[in-house]
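Below is one structure, written out as structure tokens, with a few remarks after it.
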Amino acid sequence: MSGRKPLRLAIFASGRGSNAMAILLAVRSGRLPDVEPVLLVSDKEVAPVLEKVRQEGLEAVLFKPKTYPTKEEYERAILSLLKERGVEAIALAGYMRLVGSVLIGAFPDRILNIHPSLLPAFPGLHAQRQALEYGVRVTGVTVHFVDLLMDHGPVILQKSVPVYPEDTEETLTERLLPVEHETYIEALEGLSQGRLRISGRHVLWNFN
Ligand code: GRF
């Protein structure tokens, strides 16, 4: 324990949930002593992540976007639960939706995202397929702060991963995933220890 008050984190996910689980298990194993996951939010009823995190004892709540008249109202509904739970930061972990002005306004520089490429290369869907089709020899993962544009905010950490000629989307995805998990944990460690400072597009790490 660091003696610091742990950062109350919400995780947003839409699908499989390997990043969400990696974060949760890192906390449970003592690897992220300054992070306290308090809630998982999903926009997809069928997302396997909901059951996975519930089995680990984390509250998981479904918000169906279509049941709200606007995106703003959808986000306001989420925000009111986040406030109730005292959430201080959000980790997007395969949340397949652009975060809007309501949540970004409520959590300025407190929303992180993971993307399976070295941004600004290959933003958006199917980053692994895009990398293979382009023919790059190296790709990787990016954890960044979230702004209103897709896969765009200041970069916190990046790690590279080789691409081999025989790779398929599946083999490349499989090579990237453990690197995603580790990179996300390192970025959350930095955030929770108050070591990240944003200066324009740059994230400065304080190592003291
Ligand atoms: C990951 O590749 C992540 O980088 C991207 O969506 C995927 C989610 O995977 N944003 P998982 O649900 O965390 O397993």
Side-chain angles (χ1 to χ4, degrees), residues 9-29 31-32 35 37 39-56 58 60-63 65 89-100 103-104 107 111-134 136 138-163 167-191:
L9 184 74
I11 304 171
F12 283 29
S14 304
R16 175 180 55 193
S18 74
N19 279 283
M21 286 300 288
I23 294 167
L24 200 50
L25 296 178
V27 172
R28 300 275 193 264
S29 71
R31 167 85 167 74
L32 283 175
V35 174
L39 179 69
L40 180 125
V41 168
S42 183
D43 59 332
K44 290 267 180 348
E45 198 159 8
V46 293
V49 67
L50 284 163
E51 210 32 57
K52 287 185 187 170
V53 303
R54 281 177 188 144
Q55 278 174 13
E56 285 299 320
L58 184 68
V61 182
L62 170 69
F63 286 89
I90 300 172
L92 307 182
Y95 180 65
M96 304 305 283
R97 176 171 300 278
L98 264 185
V99 176
L103 286 173
I104 291 190
F107 293 92
I111 307 179
L112 277 59
N113 182 42
I114 178 107
H115 186 75
S117 76
L118 294 173
L119 291 172
F122 315 130
L125 290 177
H126 308 301
Q128 298 89 340
R129 191 187 305 167
Q130 292 184 56
L132 288 172
E133 284 173 355
Y134 196 92
V136 292
V138 175
T139 185
V141 313
T142 303
V143 177
H144 63 93
F145 283 109
V146 171
D147 62 16
L148 286 166
L149 304 177
M150 188 175 55
D151 300 329
H152 176 267
V155 170
I156 299 170
L157 268 181
Q158 292 186 304
K159 287 184 197 280
S160 61
V161 168
V163 182
D167 264 331
T168 62
E169 214 176 322
E170 289 69 37
T171 59
L172 183 56
T173 299
E174 217 172 281
R175 192 172 313 116
L176 283 162
L177 265 184
V179 183
E180 289 191 31
H181 301 163
E182 181 51 34
T183 310
Y184 221 159
I185 290 163
E186 282 179 33
L188 285 168
E189 188 174 39
L191 182 77

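For ligands, and for the atoms within them, numbers begin at 1 and follow the listed sequence.
Between Gln128 and ligand 1, no pair of N/O atoms sits closer than 3.5 Å. Considering backbone and side-chain atoms together, Ile114 places an N or O closer than 3.5 Å to an N or O of ligand 1. Taking distance alone, with nitrogen or oxygen atoms compared against 3.5 Å, Gly17 approaches ligand 1 more closely than that limit.
The protein heavy atom nearest to atom 11 (P) of ligand 1 is Ser18 N, 3.4 Å. For atom 9 (O) of ligand 1, the closest heavy atom belonging to the protein is Arg16 NH2, 3.0 Å. In this structure, the protein non-hydrogen atom closest to atom 1 (C) of ligand 1 is Glu180 OE1, 3.1 Å. The protein atom (non-hydrogen) at minimum distance from atom 6 (O) of ligand 1 is Gly94 CA, 3.6 Å.
Proximity of a side-chain donor or acceptor of Arg28 to a complementary backbone N or O of Glu56 within less than 3.5 Å is detected. Between the side chain of Thr171 and the backbone N or O of Asp167 there is no donor-acceptor pair closer than 3.5 Å. When atom types are taken as modelled, the side chain of Thr139 and the backbone of Ala131 share no donor-acceptor pair closer than 3.5 angstrom.
At a threshold of 4.0 Å, the pair Glu182-Lys159 does not count as salt-bridged, since none of the basic side-chain nitrogens sits closer than that to a carboxylate oxygen.
Residue-environment remark: CD (Glu51) exceeds the threshold of 12 foreign heavy atoms within 6.0 Å.
When His181, Glu180, Lys52 are each tested for a side-chain hydrogen bond (donor to acceptor under 3.5 Å, both in side chains) with Ser18, only one passes: His181.
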